[in-house]
Amino acid sequence: MSAIAAFSLPPRDRNEVNRGSTSLELMFDLATVVAVAAAAHGLAHDIETGEFGLGVVRFACSFFMAWLAWANYTWFASGYDNKSAAFRVVTMVIMFGSLTLAGGIRSGLGDEPHWLVLIGFSIMRLGMIALWLGAANGDRHARPAALRYAAGIGGMQVYWNTLIITLSPEAPLYFPLFALGAAGELAVPLLAERGTASNWHHGHIIDRYNSFNIIVLGECFAAIALIVSDPATPELRHFWWAALCSIIAFSMWGLYFDRNEQLLSRKLGTVLTWAYGHCVLFAAGAATAAGFAVFLSVARDGTVSQQLAALAFCIPIAMYLTALWLVRDRASKHGSMHWLLLIMAALVLASSAFASHALELIAMLLAITVTIRRRLYPVSLHAGGEHD
């Protein structure tokens with residue numbers, strides 16, 4: 001008990017100038033990359049073996065756990081990373097849990113309990129509880145919120161332990177109960193932040209979310225490298241496919257990183273919509289990489305239909321555009337851009353009807369979208385700044 005009392009994490013200045021990602025946070029991102037890659041690989045494998053619906057559900061569950069653990073730590077570190085030895089040690093323990101979680105995702109989802117996933121996730125959550133207790137000791141103003149976070153995370157972890165230990169992943173109730181647990185996790189900040197808000201830095205959080213988007217787009221690059229190097233397809237053809245996938249990935253980057261303002265308010269509803277909308281956006285980016293891999297498998301051995309392969313990348317790209325509209329353009333003051341991403345998302349989905357040329361159509365649509373946005377809105381806005 002004395003050790004817990006001595007562990008104190010005072011708040012950092014939320015108006016700190018030039019606050020960027022630390023090297024420790026970037027290391028944390030690298031650990032998360034492994035989990036994201038494992039989830040994307042699992043999705044591609046399930047689609048290639050004909051389990052499209054089940055694969056989507058498995059991917060959603062795996063990605064949610066990886067994202068949730070990353071988000072829990074990221075928001076906390078934004079407000080309480082004091083660079084102390086204790087904070088760094090706990091962070092490294094959480095990173096080890098992330099790698100264990102990734103190993104569990106990579107090992108596959110059969111009819112046995114996900115022991116590695118459970119162990120890894122438990123390590124990460126216990127680390128977060130310790131951090132929030134440290135914040136409760138060091139931040140008198142936010143102490144109620146910090147204690148509610150610690151209690152909420154602990155209570156939800158008991159739920160996850162019970163679910164994974166008692167139910168097989170093949171049980172009919174497993175995924176509905178997983179969805180219930182996910183809803184509970186998303187409710188924790190809503191309850192914890194009521195009345196007393198925790199500390200976090202506006203510009204730093206935007207920078208961290210930008211970094212995570214680079215992670216998921218990096219998965220697209222990994223899939224493109226596989227297409228380029230695949231020996232089973234004619235050389236000119238796979239270079240053409242790789243070029244089209246690159247145009248899509250670069251366009252997704254260009255649409256997100258166009259320096260429009262993000263997270264325009266610290267109001268709880270605005271913050272949660274922005275944060276949770278990004279979960280969908282990030283998942284869509286990783287799923288796009290899986291869709292590219294499925295496209296390659298069709299060209300290689302034809303185990304999946306062209307129509308299904310087209311849906312495998314059309315759906316996540318449309319979701320990416322829709323989520324980007326939700327977290328940013330929905331609140332845009334520039335009416336000419338307000339509906340652009342939703343219109344293009346609908347056209348991307350419609351492109352799946354032309355399965356044999358869907359890749360070409362989407363690359364063209366996204367390139368046009370980037371061009372339109374740049375011409376309609378040539379003056380950049382800095383993405384930082386504090387908004388009350």
Side-chain angles (χ1 to χ4, degrees), residues 33-60 62-63 66 102 105-109 213-254 281-321 348-367:
V33 166
V34 183
V36 171
H41 175 79
L43 175 60
H45 174 75
D46 283 339
I47 296 175
E48 290 167 11
T49 55
E51 297 183 325
F52 188 93
L54 184 59
V56 169
V57 173
R58 287 174 173 173
F59 169 78
S62 300
F63 187 89
I105 295 172
R106 188 179 295 275
S107 65
L109 304 177
N213 200 31
I214 291 295
I215 288 175
V216 297
L217 293 179
E219 293 304 314
C220 292
F221 292 160
I224 292 167
L226 288 177
I227 294 173
V228 170
S229 61
D230 183 59
T233 55
E235 185 173 334
L236 290 179
R237 186 182 300 176
H238 66 225
F239 267 100
W240 172 243
W241 292 337
L244 293 172
C245 291
S246 295
I247 292 172
I248 291 172
F250 293 144
S251 297
M252 292 167 74
W253 167 83
L281 184 144
F282 295 150
T288 299
F292 290 165
V294 172
F295 178 83
L296 177 61
S297 73
V298 171
R300 185 187 299 140
D301 48 37
T303 55
V304 177
S305 69
Q306 275 193 334
Q307 186 65 61
L308 187 59
L311 289 172
F313 56 82
C314 287
I315 291 175
I317 292 171
M319 288 178 60
Y320 184 94
L321 296 177
V348 166
L349 277 179
S351 298
S352 63
F354 306 93
S356 59
H357 297 289
L359 205 60
E360 288 87 348
L361 288 172
I362 294 175
M364 179 184 68
L365 285 171
L366 291 186

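Here, residue 1 is the first one in the sequence, and each next residue gets the next number.
- Distance check: Leu296 CG to Ile224 CD1 gives 12.0 Å after rounding to the nearest 0.5 Å.
- Side-chain atoms of Leu365 and Val348, non-hydrogen and from C-beta on, do get closer than 4.5 Å to each other.
- Listed here is the closest heavy atom pair of Asn213 and Tyr320: ND2-OH, 3.1 Å.
- Every ring pair (Phe, Tyr, Trp, His ring centres under 6.0 Å) that Phe63 has, sequence neighbours left out, goes to Phe59.
- Annotation for Ile227 and Ala242: closest pair CG2-N, 3.9 Å, computed over non-hydrogen atoms.
- The minimum heavy-atom distance linking Ile47 with Ala312 is given by the pair CD1-CB, 4.1 Å.
- Residue Phe292 holds its CZ atom at 8.0 Å from OG of Ser246, rounded to the nearest 0.5 Å.
- Considering CD1 of Ile248 and CG of Leu217, their distance stands at 12.0 Å, rounded to 0.5 Å.
- Shown here are the side chain to side chain contact (heavy atoms under 4.5 Å, CB included) partners of Ala44, two or more places apart in sequence or in another chain: Glu48, Ala290, Ala293, Val294.
- Across every non-hydrogen atom of Val228 and His238, the tightest pair is O-NE2, 3.0 Å.
- A distance of 12.5 Å separates CD1 in Ile214 from CD in Glu219, rounded to the nearest 0.5 Å.
- With a 4.5 Å cut-off on side-chain heavy atoms, Phe282 and Ile215 do not count as touching.
- In this structure Ile247 satisfies the side chain to side chain contact (heavy atoms under 4.5 Å, CB included) test together with Ser251, Ala363, Ala367, sequence neighbours excluded.
- Leu366 places a side-chain heavy atom less than 4.5 Å from the side chain of Leu321.
- Here the closest non-hydrogen pair linking Ala318 and Leu349 is CB-CG, 3.7 Å.
- Between Phe295 and Trp241, the angle of the ring planes goes over 60°, which puts this pair in the perpendicular group of the 30/60° scheme.
- With rounding to the nearest 0.5 angstrom, the CD1 atom of Ile317 is 5.0 Å from the OG1 atom of Thr288.
- Among residues at least two apart or in separate chains, there is no side-chain hydrogen bond (donor to acceptor under 3.5 Å, both in side chains) pair with a member in residues 348-357.
- Applying the ring pair (Phe, Tyr, Trp, His ring centres under 6.0 Å) rule to Phe52 yields no partners; only residues at least two apart in sequence or on another chain are considered.
- Taking the salt bridge (Lys or Arg N to Asp or Glu O under 4.0 Å) definition, one finds that Glu51 meets it with Arg58, sequence neighbours left out.
- The SG atom of Cys314 sits 8.5 Å away from the CD atom of Gln307 when rounded to the nearest 0.5 Å.
- In this structure, Gly285 and Cys220 approach most closely via the heavy-atom pair O-SG, 3.6 Å.
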